[in-house]
Number of protein chains: 2
Amino acid sequence: MNIGEIAKRAGVSRSTVSYALSGKRRVSEATRRRILRVIDEAGYRPNANARALAEGRTRTIALVIPPAGRSLTPIQLGFVAGVVAAASLHELDVLLSPSGGEHDRSFERIISGRRVDGVILMEVRLQDARAARLRESGLPFVAIGHTADAGTGCWVDLDYEGLIGNCVHHLADLGHRAIALINRPQEFLDSGYGPARRALDGFTAAAAARSLTATAICCPDDAMAGEACVENLLAAHPAITGIVTANEAALPGMERALRRLGRAVPGQISITGVVGRHWAEEFHPPLTAADVPISDLADRAVELLAERISSPAGPERHVLLAPPISLRSSTAPPVQRAECDPALASQGSHAECLTS
Amino acid sequence: MNIGEIAKRAGVSRSTVSYALSGKRRVSEATRRRILRVIDEAGYRPNANARALAEGRTRTIALVIPPAGRSLTPIQLGFVAGVVAAASLHELDVLLSPSGGEHDRSFERIISGRRVDGVILMEVRLQDARAARLRESGLPFVAIGHTADAGTGCWVDLDYEGLIGNCVHHLADLGHRAIALINRPQEFLDSGYGPARRALDGFTAAAAARSLTATAICCPDDAMAGEACVENLLAAHPAITGIVTANEAALPGMERALRRLGRAVPGQISITGVVGRHWAEEFHPPLTAADVPISDLADRAVELLAERISSPAGPERHVLLAPPISLRSSTAPPVQRAECDPALASQGSHAECLTS
DNA sequence: GCCTTGTGTCGAATCGGTTCGAGCGCGCCT
DNA sequence: AGGCGCGCTCGAACCGATTCGACACAAGGC
């Protein structure tokens with residue numbers, strides 16, 4: 001069933017059918033109705049490939065997911081779902097492309113085969129080969145996170161530097177003097193992964209501004225590692241009363257470690273950070289944190305890309321999101337060590353130990 | 001840059017370029033080399049849409065993800081990643097399609113626009129409108145989970161019935177007499193979601209076969225609900241010593257509830273079930289469970305689909321996976337209430353309380 | 001020397017749409 | 001009445017590939 005068959009049955013030419021469908025030229029009401037009836041009876045839909053070939057656009061975008069497929073975090077997952085939903089509203093389909101290692105062929109196939117009108121690139125690095133390849137190809141793309149030359153290209157990103165800084169200020173305001181950062185894994189930092197770098201920068205700068213004693217450590221992306229990290233951290237730096245985390249996957253382990261060490265939250269240790277809302281709410285007690293606005297991020301990325309596709313010569317826009325800190329119940333002023341009996345605190349009755 | 005331009009530069013016809021690339025007819029070695037050199041210099045790749053139009057196939061498959069995009073579980077996420085990886089090995093691209101509600105237009109667009117050669121359908125229900133639509137369209141598809149008429153169509157699935165049954169038998173072998181099933185949410189059961197139904201069937205049948213006292217409850221897919229479920233369960237049925245779970249998302253909450261109630265695992269309560277490997281290993285203590293072989297599932301689905309695409313008239317094959325139970329450390333023989341001091345057990349020294 | 005066989009290449013049709021220029025018939029204005 | 005403009009429709013070109021039948025030319029057999 002193709003457009004020619006419809007034309008024949010309706011007794012018109014192929015172009016008239018096309019115009020009746022697209023509305024790009026006027027078609028008399030009588031003819032239009034007749035054509036639509038035939039189409040309805042035949043259950044006809046235009047072939048997407050033929051249309052793409054003729055129009056020169058595919059109405060499809062590619063979403064390039066991070067290299068190691070196995071390490072997709074729930075936050076990334078949420079982003080994928082968000083992009084699909086947002087694209088659906090723009091009448092765009094989403095082609096998923098893995099990247100890295102043997103899967104680079106897939107990426108290359110999609111780009112150079114002109115299968116898509118634009119690309120969303122997840123998890124870009126400060127130096128990113130895929131971004132360079134895309135720039136060379138001339139295909140519109142939006143990066144999630146920004147590359148080293150932040151001025152060029154479109155991107156949407158989270159203001160990790162500012163957000164982590166806000167967390168530090170929040171702890172400082174409460175009176176904490178010794179704090180720590182639990183960052184993403186060391187190799188992320190080494191390979192120039194923006195969020196990890198900027199989290200560290202923001203932490204260091206804010207801590208210095210408030211003259212805090214600050215310790216930053218990296219932690220692999222899983223609960224077991226989180227448990228070990230917190231144990232080692234508190235053993236090595238017993239004075240620490242506040243923790244800022246940029247690593248949500250480690251949270252369950254952190255919770256376990258604190259419980260096992262008998263440190264009450266927020267009685268003895270305050271915790272905050274930048275994590276997905278889901279993780280913040282599942283923490284015990286609910287985490288005071290800057291919730292990562294994952295579906296906003298997805299919406300904005302698709303919006304930017306759609307705009308760029310329709311006018312490739314337009315300005316290269318950037319979006320830097322900075323969600324507010326949601327106050328829940330994992331932060332409080334630090335205990336005064338001298339005045340407070342640890343036994344009391346571990347039983348949860350730390351009210352009388354609070355400082356001013 | 002298109003095939004005509006390459007032909008001109010190499011001084012041959014367009015068809016010769018096509019044959020040199022596809023190898024479907026012989027081309028003299030000299031000509032072939034010349035063409036390839038020109039292609040290399042120009043950085044030419046065939047336009048995927050034009051090729052699809054001419055060949056009548058798109059080299060793309062659709063992956064239809066569950067209705068509510070927001071509630072994708074990590075296990076589903078893993079499946080998506082697995083499908084993309086497997087498809088990449090077959091030189092297939094993956095188009096992601098949401099389904100349900102307003103997103104059904106996207107599904108319809110992909111199917112009737114002939115954008116794909118085949119479809120993988122996640123989370124099918126026993127009665128499934130999308131499966132019916134696909135059958136009607138004649139497009140090859142593979143379902144994850146089977147529909148009510150299991151004999152027709154291709155599918156891959158997990159043998160939930162058998163696996164949950166095995167878990168029951170495992171507990172029975174250890175000597176447990178009163179056990180419970182923590183199933184997926186009630187509405188899943190009501191809407192005819194296969195895994196939930198079959199988990200319940202398998203549990204009931206195996207418990208009956210071993211003459212166990214069995215309680216089955218449903219639990220929403222999150223940690224908070226898991227915590228509440230376990231508390232209520234143990235309050236209402238204090239005799240229970242073994243729990244089988246089909247709900248991995250509830251696991252962290254279950255762990256918290258047991259800890260708060262002071263029930264040692266596996267000292268006082270044994271836990272097992274069917275859950276993703278990741279969840280099993282993150283549990284404390286590591287969970288004895290039938291690990292869901294998620295990437296196997298994805299591989300087999302893609303394999304079946306690829307086979308069906310290349311020979312649509314072939315047999316409709318099914319795959320039912322039944323992974324073995326991985327013994328970790330969350331199950332043990334139940335304590336003899338009369339002989340055992342709960343205080344001892346809660347300190348982890350339950351060795352002297354074991355039966356037979 | 002002619003016919004056969006086979007190798008390598010070409011031209012044209014095809015896939016299923018979109019789009020542009022042209023043409024036809026009609027009503028209106030002068 | 002003739003000319004003009006307008007509304008509607010048609011035919012043909014085009015997008016960029018694949019594929020089939022045909023043809024040119026060289027080698028080999030009689």
Side-chain angles (χ1 to χ4, degrees), chain A residues 1-36 38-39 42-60 91 93 109-117 137 139, chain B residues 1-36 38-39 42-60 91 93 109-117 137 139:
Chain A
M1 185 53 55
N2 58 24
I3 201 174
E5 183 61 26
I6 298 296
K8 196 191 301 176
R9 294 197 193 177
V12 297
S13 74
R14 299 195 304 149
S15 50
T16 303
V17 176
S18 179
Y19 287 126
L21 239 32
S22 71
K24 295 190 181 173
R25 278 197 191 176
R26 280 202 58 85
V27 171
S28 75
E29 187 56 26
T31 316
R32 209 177 61 84
R33 233 196 280 279
R34 183 156 32 98
I35 291 175
L36 291 184
V38 171
I39 284 178
Y44 162 79
R45 299 286 156 207
N47 179 304
N49 280 299
R51 184 201 290 248
L53 178 57
E55 280 189 316
R57 60 172 174 155
T58 60
R59 300 164 189 268
T60 305
E91 307 263 271
D93 290 323
R109 190 167 58 228
I110 289 171
I111 304 309
S112 53
R114 303 264 134 189
R115 296 196 65 123
V116 296
D117 297 334
S137 81
L139 217 51
Chain B
M1 186 54 54
N2 58 26
I3 201 174
E5 183 62 26
I6 298 296
K8 196 191 300 177
R9 294 197 195 178
V12 297
S13 73
R14 299 194 304 150
S15 49
T16 303
V17 175
S18 179
Y19 287 127
L21 239 32
S22 70
K24 295 191 181 174
R25 278 198 191 174
R26 281 200 59 85
V27 171
S28 76
E29 187 54 24
T31 316
R32 207 176 63 83
R33 235 196 279 278
R34 184 154 34 96
I35 291 174
L36 291 183
V38 171
I39 285 178
Y44 161 81
R45 299 284 157 208
N47 179 304
N49 281 299
R51 184 203 289 250
L53 179 57
E55 280 189 315
R57 60 172 175 156
T58 61
R59 300 164 188 268
T60 306
E91 308 263 273
D93 291 322
R109 192 168 56 229
I110 290 172
I111 304 310
S112 54
R114 304 260 133 192
R115 296 196 63 120
V116 296
D117 296 335
S137 82
L139 215 52

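Note on naming: letters A, B, ... go to the chains in the order of the sequence lines (proteins, then strands), and numbering restarts at 1 for each one.
- In terms of heavy-atom proximity, B:R115 sits nearest to A:T58 at NH1-O, 3.3 Å.
- Mapped onto DNA chain C by nearest heavy atom, B:T16 and B:L53 fall at different nucleotides, with B:T16 at the one closer to the 5' end.
- Put simply, the side chain of A:V12 does not reach to within 4.5 Å of the side chain of A:Y19, judged on heavy atoms.
- One interatomic measurement links the two molecules: CG of B:N47 to P of D:dC14, which rounds to 18 Å at whole-angstrom precision.
- Each of B:I35, B:I3, B:I6 was compared with B:S18 under the side-chain contact (heavy atoms from CB on, under 4.5 Å) criterion, and only B:I3 meets it.
- In this entry the distance linking CZ of A:R115 with C1' of D:dC15 reads 17 Å, nearest Å.
- Taking 4.5 Å as the limit, some side-chain heavy atom of A:I39 sits within range of a side-chain heavy atom of A:L21.
- Using a 4.5 Å heavy-atom threshold, the side chains of A:R114 and B:N49 count as separate.
- Between B:S18 and D:dT18 there is a side-chain polar atom (N or O) within less than 4.0 angstrom of OP1 or OP2.
- When heavy atoms are screened at a 4.0 angstrom cut-off, B:G113 is found touching no nucleic acid atom at all.
- For the OP1/OP2 pair of D:dG7 and a distance below 4.0 Å, the side-chain nitrogens and oxygens of A:Y19 include no atom meeting the criterion.
- For DNA chain C, the contact window with chain B, defined by any atom under 4.0 Å from a protein heavy atom, covers C:dG8 to C:dG16 in 5' to 3' order.
- A:N2 has its side chain out of reach of A:N47: every pair of non-hydrogen atoms, C-beta onward, lies at least 4.5 Å apart.
- In this view, A:E91 and B:R105, B:R109 satisfy the side chain to side chain contact (heavy atoms under 4.5 Å, CB included) rule, not counting sequence neighbours.
- Of all heavy-atom pairs between B:P46 and B:R51, the closest is CG-NH2, 3.3 Å.
- Taking atom CG of residue B:N2 and atom P of nucleotide D:dC14, one finds them 13 Å apart after rounding to whole Å.
- Non-hydrogen atoms lying under 4.0 Å from DNA chain C are contributed by A:K24, A:R25, all within residues 21-35 of chain A.
- Atom CE of B:M1 and atom C1' of D:dA17 are 15 Å apart (whole Å).
- In this structure, A:S15 and B:R14 both approach DNA chain C, and ranking their closest nucleotides by distance from the 5' end singles out B:R14.
- Looking only at distances, a side-chain donor or acceptor of B:R34 sits under 3.5 Å from a matching main-chain atom of B:A10.
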